[in-house]
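Below you'll find the structure, written out as C-alpha coordinates, and then a few comments.
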Amino acid sequence: QVQLVESGGGSVQAGGSLRLSCAASGYTYSSYCMGWFRQAPGKEREGVAAIDSDGRFSYADSVKGRFTITKDNAKNTLYLLMNSLKPEDTAMYYCAADPFLRVVTGLPHGDEYNYWGQGTQVTVSS
(Lines give C-alpha, C1' and ligand atoms only; values in the text may rest on other atoms or scores of the structure.)
Protein backbone atom coordinates (compact mmCIF):
# COMPACT_ATOMS: atom_id res chain seq x y z
CA GLN A 1 0.00 0.00 0.00
CA VAL A 2 1.45 3.31 -1.08
CA GLN A 3 1.73 5.87 1.69
CA LEU A 4 2.96 9.44 1.47
CA VAL A 5 3.48 11.51 4.61
CA GLU A 6 4.39 15.19 4.35
CA SER A 7 6.13 17.20 7.05
CA GLY A 8 8.08 20.40 7.48
CA GLY A 9 5.34 22.95 7.08
CA GLY A 10 4.95 25.87 9.44
CA SER A 11 4.72 29.61 9.76
CA VAL A 12 7.46 31.87 8.47
CA GLN A 13 7.90 35.52 7.60
CA ALA A 14 8.23 36.69 4.04
CA GLY A 15 11.73 36.12 2.74
CA GLY A 16 12.23 33.09 4.93
CA SER A 17 12.76 29.45 4.03
CA LEU A 18 11.21 26.08 4.73
CA ARG A 19 12.03 22.55 3.64
CA LEU A 20 9.14 20.18 3.13
CA SER A 21 9.62 16.43 3.24
CA CYS A 22 7.49 13.61 1.89
CA ALA A 23 8.27 10.18 3.26
CA ALA A 24 7.14 7.41 0.95
CA SER A 25 6.52 3.75 1.60
CA GLY A 26 4.86 0.74 0.04
CA TYR A 27 6.40 0.89 -3.43
CA THR A 28 9.63 1.10 -5.39
CA TYR A 29 10.21 4.75 -4.69
CA SER A 30 12.97 5.38 -7.22
CA SER A 31 10.83 4.33 -10.17
CA TYR A 32 8.02 6.79 -9.50
CA CYS A 33 7.40 10.32 -10.62
CA MET A 34 6.95 12.57 -7.59
CA GLY A 35 5.34 15.97 -7.41
CA TRP A 36 4.44 18.80 -5.08
CA PHE A 37 1.14 20.61 -5.28
CA ARG A 38 -0.48 23.34 -3.22
CA GLN A 39 -3.94 24.64 -2.60
CA ALA A 40 -4.82 27.91 -0.94
CA PRO A 41 -8.27 28.59 0.53
CA GLY A 42 -10.75 29.41 -2.22
CA LYS A 43 -8.29 28.57 -4.97
CA GLU A 44 -7.73 25.60 -7.22
CA ARG A 45 -4.95 23.14 -6.62
CA GLU A 46 -1.83 24.02 -8.56
CA GLY A 47 1.29 22.12 -9.43
CA VAL A 48 4.48 23.40 -7.87
CA ALA A 49 7.24 21.03 -8.91
CA ALA A 50 7.84 17.51 -10.17
CA ILE A 51 10.74 15.12 -10.58
CA ASP A 52 10.59 11.79 -12.37
CA SER A 53 12.55 8.56 -12.10
CA ASP A 54 15.14 9.79 -14.62
CA GLY A 55 15.75 12.96 -12.65
CA ARG A 56 13.94 15.27 -15.05
CA PHE A 57 12.23 18.08 -13.21
CA SER A 58 9.90 20.95 -13.81
CA TYR A 59 8.63 23.93 -11.82
CA ALA A 60 5.70 26.27 -11.91
CA ASP A 61 6.70 29.70 -13.18
CA SER A 62 5.65 31.22 -9.87
CA VAL A 63 8.32 29.31 -7.94
CA LYS A 64 11.19 29.06 -10.43
CA GLY A 65 14.42 30.26 -8.92
CA ARG A 66 13.02 30.05 -5.37
CA PHE A 67 11.99 26.41 -4.89
CA THR A 68 14.08 23.28 -5.43
CA ILE A 69 12.73 19.74 -5.66
CA THR A 70 15.01 16.87 -4.79
CA LYS A 71 14.67 13.26 -3.78
CA ASP A 72 16.74 10.85 -1.77
CA ASN A 73 16.11 7.36 -3.10
CA ALA A 74 18.01 5.76 -0.23
CA LYS A 75 15.67 7.40 2.28
CA ASN A 76 12.53 7.15 0.12
CA THR A 77 11.99 10.83 0.72
CA LEU A 78 11.05 13.73 -1.50
CA TYR A 79 11.98 17.28 -0.54
CA LEU A 80 10.93 20.77 -1.49
CA LEU A 81 13.30 23.52 -0.40
CA MET A 82 11.46 26.80 -0.46
CA ASN A 83 13.47 30.02 -0.30
CA SER A 84 12.44 33.67 -0.53
CA LEU A 85 8.94 32.77 0.55
CA LYS A 86 6.13 35.17 -0.23
CA PRO A 87 2.69 35.56 1.37
CA GLU A 88 1.19 34.18 -1.84
CA ASP A 89 2.99 30.90 -1.18
CA THR A 90 0.65 30.32 1.75
CA ALA A 91 -1.23 27.07 1.12
CA MET A 92 -1.60 23.45 2.04
CA TYR A 93 1.18 21.57 0.30
CA TYR A 94 0.72 18.01 -0.90
CA CYS A 95 3.06 15.46 -2.38
CA ALA A 96 1.93 13.03 -5.02
CA ALA A 97 3.34 9.94 -6.71
CA ASP A 98 2.71 7.89 -9.80
CA PRO A 99 4.56 4.96 -11.34
CA PHE A 100 3.90 5.86 -14.98
CA LEU A 101 4.34 9.62 -15.26
CA ARG A 102 7.35 11.26 -16.83
CA VAL A 103 8.28 14.92 -16.88
CA VAL A 104 8.28 15.61 -20.60
CA THR A 105 6.64 18.93 -21.43
CA GLY A 106 6.30 20.55 -18.05
CA LEU A 107 4.46 19.77 -14.85
CA PRO A 108 2.20 16.73 -14.93
CA HIS A 109 -1.37 17.58 -14.06
CA GLY A 110 -2.69 16.61 -10.66
CA ASP A 111 -5.26 14.28 -12.19
CA GLU A 112 -2.40 12.19 -13.55
CA TYR A 113 -1.13 11.20 -10.13
CA ASN A 114 -2.53 8.14 -8.39
CA TYR A 115 -1.25 8.62 -4.86
CA TRP A 116 -1.45 11.60 -2.53
CA GLY A 117 -0.37 12.56 0.94
CA GLN A 118 -2.47 14.37 3.53
CA GLY A 119 -0.69 17.68 3.23
CA THR A 120 1.30 20.07 5.36
CA GLN A 121 0.37 23.71 5.93
CA VAL A 122 2.70 26.54 4.95
CA THR A 123 1.86 30.05 6.13
CA VAL A 124 3.94 33.06 5.08
CA SER A 125 3.29 36.35 6.81
CA SER A 126 4.24 39.75 5.44
Side-chain angles (χ1 to χ4, degrees):
Q1 183 178 357
V2 175
Q3 287 192 321
L4 302 172
V5 180
E6 301 95 335
S7 62
S11 297
V12 65
Q13 288 193 328
S17 298
L18 283 173
R19 190 180 75 160
L20 305 183
S21 300
C22 173
S25 61
Y27 65 99
T28 305
Y29 175 78
S30 61
S31 66
Y32 275 51
C33 180
M34 305 292 295
W36 286 101
F37 290 78
R38 66 186 181 187
Q39 188 167 19
K43 294 188 177 181
E44 292 188 356
R45 182 180 62 195
E46 64 171 336
V48 175
I51 185 167
D52 69 16
S53 59
D54 294 323
R56 291 182 293 246
F57 54 86
S58 182
Y59 296 94
D61 288 342
S62 59
V63 306
K64 282 180 181 177
R66 299 189 299 122
F67 290 11
T68 303
I69 187 170
T70 58
K71 60 177 184 172
D72 186 331
N73 291 335
K75 295 183 178 180
N76 286 3
T77 302
L78 177 74
Y79 301 101
L80 185 69
L81 176 61
M82 305 185 295
N83 293 323
S84 303
L85 282 162
K86 304 175 181 180
E88 50 263 45
D89 295 318
T90 295
M92 185 72 79
Y93 283 72
Y94 301 89
C95 73
D98 191 88
F100 302 113
L101 287 178
R102 294 296 180 267
V103 177
V104 178
T105 57
L107 287 171
H109 194 275
D111 291 347
E112 299 178 272
Y113 286 89
N114 272 304
Y115 304 104
W116 291 84
Q118 295 300 307
T120 185
Q121 177 67 37
V122 171
T123 303
V124 184
S125 58
S126 57

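Below, each value reflects all heavy atoms present in this structure, side chains not excepted, and no hydrogens, waters or symmetry copies.
- Listed for the Asp52 side chain is a donor-acceptor partner under 3.5 Å among the backbone atoms of Asp54.
- Under the 6.0 Å cut-off for aromatic ring centres, Trp116 and Phe37 qualify, their centroids lying closer than that.
- Other residues, nucleotides and ligands contribute only 12 or fewer heavy atoms inside 6.0 Å of the CD atom of Gln118.
- You'll find the side chain of Trp36 stays beyond 4.5 Å of the side chain of Ile51, heavy atoms only.
- Taking 4.0 Å as the cut-off between side-chain N and carboxylate O, Lys64 and Asp61 count as a salt-bridged pair.
- In this structure, the side chain of Asp98 engages the main chain of Asn114 through a donor-acceptor pair within 3.5 Å.
- Sequence neighbours left out, not one pair with a member in residues 82-109 passes ring-ring contact (aromatic ring centres under 6.0 Å, His included).
- Phe57 is linked by a ring pair (Phe, Tyr, Trp, His ring centres under 6.0 Å) to Tyr59, counting only residues two or more places apart in sequence or in another chain.
- In terms of heavy-atom proximity, Ser126 sits nearest to Pro87 at CB-CG, 3.9 Å.
- A donor-acceptor pair is defined here as one N or O able to donate and one able to accept, closer than 3.5 Å; such a pair exists between the side chain of Glu6 and the backbone of Cys95.
- Side chains of Met34 and Leu4 form a contact here, defined as non-hydrogen atoms less than 4.5 Å apart.
- A distance of 11.5 Å separates CG of Leu85 from OG of Ser11, quoted to the nearest 0.5 Å.
- Using a 4.5 Å cut-off on side-chain heavy atoms (C-beta onward), Ser25 and Gln1 make no contact.
- Closest heavy-atom contact between Leu101 and Pro108: CD1-CB, 3.8 Å.
- Put simply, the side chain of Tyr27 does not reach to within 4.5 Å of the side chain of Tyr115, judged on heavy atoms.
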Using atom types as modelled, flag every donor-acceptor pair under 3.5 Å from a side chain in residues 13-22 to any protein atom, sequence neighbours excluded.
unit_1	atom_1	unit_2	atom_2	d
Ser17	OG	Asn83	OD1	2.8

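- Interatomic distance, Thr123 OG1 to Met92 CE, rounded to the nearest 0.5 Å: 9.0 Å.
- A heavy-atom distance below 4.5 Å is found between the side chains of Thr90 and Gln121.
- Between Met82 and Val48 the shortest side-chain heavy-atom distance does not fall below 4.5 Å.
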